[in-house]
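Structure first, commentary second.
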Amino acid sequence: MKVRMRVPATTANLGPGFDVFGAALTIYNEFGAETAAEGKGGKWLFKGEGKKILVKGEKNLVWQSMKETFKLLGQTKYNLKNLNITVNAGIALSGGLGSSASAIVGGTALANALCGDKLTKAEIAELAIKIEGHPDNVIPAVFGGICVCCKNEQSSHGDIIHLPVPKLKVVLAVPSFELRTKRSRQILPKCVDLDDAVFNASRVAMLTAAFCSGDYSLLKKGMQDKIHQPYRGKMIPAMDAVLQAALDAGAYGAYLSGSGPTLAAFCDGKKCVEIQKAMTKVWKKESVSVKTFILDFDKRGLTKI
Ligand code: HSE
């Protein structure tokens, strides 16, 4: 038996919506699992991003997620000796583009498919969030589009709101250095200043209004943040200058993607190239080498291929 899954990259927070907002983008990781006779499995094939550094075996995040899924489904038949696993990654590792959420969702979905598709997409998301720890990459990775995750006591993803997907492009500037989400979360203060909370609440309202009304001029303020970007910006050279360059070149809004270091801008198609050049220019001045992408929003999320 052979199963394959495709999972999109995701950009979380969208500025002020820390651990709440996330959007799926048109770069993908593909995951495959094939059953083999006992003892003939255990082969790993990595292609694309991170192929030289991804770990094989027990510590691999795809496998760990598969194992959790087998456990949940009470399936004891599969192990690393009777499965071969492939990863073809388009998503940069530790870049703030949901690469770990993608591996977790991919692994969970592969194991679910091997067990006869017992879990729904919502149940896959629920388990994946338990493994990942926060919902805002997992939810758009599973469902696609732009999602708002409203955590509650009953489930880890809580209520999900799917916002209208704008006909905008997303320009990503991905610097060559990595920033691990764990570290990028550890540096955040445990308490939020009341003025900063009020600031972010007002920006989240503008962000939501921008998508619902189609008035994208609201994104400039609606993507501002005071609760995580100022702290994370200390680890990202010229972050504010790159974001400002994107706005000056005509982006509707710009922000730190997830926990970074990728910076993202939403814009009209005709402005993309100018914005891409402006962001690159600032980082080049700081001797930061950067890859850029011009993407659309993915509307399908997790897909069997
Ligand atoms: N909301 C998470 C964070 C996203 O900002 O830490 C991580 O990609």
Side-chain angles (χ1 to χ4, degrees), residues 7-27 29 61 65 91-92 94-106 108 121-122 124-166 170 172 179-188 192 197 200-201 203-208 210-211 219 222-229 231-232 253-264 266 295 297-302:
V7 188
T10 47
T11 176
N13 302 331
L14 309 190
F18 180 75
D19 279 0
V20 174
F21 279 69
L25 302 173
T26 51
I27 323 182
N29 281 353
L61 192 52
S65 312
I91 308 172
S94 301
L97 293 169
S99 63
S100 59
S102 150
I104 296 168
V105 168
T108 306
K121 270 195 165 187
I124 290 173
E126 179 77 20
L127 177 58
I129 293 164
K130 280 199 186 116
I131 303 170
E132 166 98 327
H134 54 88
D136 48 336
N137 292 104
V138 167
I139 292 296
V142 171
F143 295 104
I146 299 187
C147 307
V148 182
C149 317
C150 312
K151 223 171 161 179
N152 60 32
E153 280 77 40
Q154 282 78 48
S155 77
S156 359
H157 58 65
D159 299 305
I160 304 165
I161 300 166
H162 298 274
L163 292 175
V165 176
V170 182
L172 296 181
L179 199 53
R180 297 213 169 246
T181 299
K182 197 172 165 199
R183 164 105 186 94
S184 194
R185 289 178 82 84
Q186 271 167 353
I187 58 145
L188 299 178
V192 172
N200 267 48
R203 268 46 188 188
V204 159
M206 288 175 118
L207 185 61
T208 311
F211 294 127
L219 289 176
M223 288 186 156
Q224 291 173 334
D225 163 75
K226 283 203 179 177
I227 68 170
H228 71 105
Q229 291 191 182
Y231 306 97
R232 290 170 162 174
Y255 62 95
L256 174 69
S257 180
S259 57
T262 295
L263 300 180
F266 284 17
L295 303 174
F297 295 99
D298 166 277
K299 293 185 188 164
R300 298 179 67 191
L302 167 67

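What you see is a predicted model, and the numbers here were worked out from it, not measured in a lab.
Between the side chain of N200 and the backbone N or O of K226, at least one donor-acceptor pair lies under 3.5 Å. Formation of a donor-acceptor pair under 3.5 Å by the K151 side chain with backbone atoms of P135 is not found in this model.
Between N137 atom CG and I129 atom CD1 the span is 10.0 Å, to the nearest 0.5 Å. Interatomic distance, D19 CG to R185 CZ, rounded to the nearest 0.5 Å: 4.0 Å. Atom CD1 of residue I139 and atom CD of residue E126 lie 8.5 Å apart, to the nearest 0.5 angstrom. In this structure, I146 CD1 and T10 OG1 are separated by 12.5 Å, a value rounded to the nearest 0.5 Å. Remark: L163 CG to C147 SG distance equals 8.0 Å, nearest 0.5 Å. Within the model, atoms CG of L61 and CD1 of I131 stand 7.5 Å from one another, a figure rounded to the nearest 0.5 Å.
Here the closest heavy-atom approach between residue V7 and residue V105 is recorded as CG1-CG1, 4.1 Å. Among all heavy-atom pairs drawn from P8 and D298, the shortest one is CG-OD1, 3.8 Å. Minimum interatomic distance between N29 and S99 (heavy atoms only, all atoms of both residues): ND2-O, 4.3 Å. Across all their heavy atoms, F21 and D136 have their closest contact at O-CB, 3.5 Å.
The closest side-chain donor-acceptor pair between T262 and S257, if any, does not fall under 3.5 angstrom.
Using cut-offs of 30° and 60° on the angle between ring planes, the pair H162 and F143 is perpendicular. Ring geometry, F266 versus Y255: the interplanar angle exceeds 60°, so the pair is classed perpendicular (tilted spans 30 to 60°).
The environment of CZ in R183 is sparse: at most 12 heavy-atom neighbours from other residues, nucleotides or ligands sit within 6.0 Å. Counting heavy atoms of neighbouring residues, nucleotides and ligands inside a 6.0 Å radius, atom NZ of K121 exceeds 12 of them.
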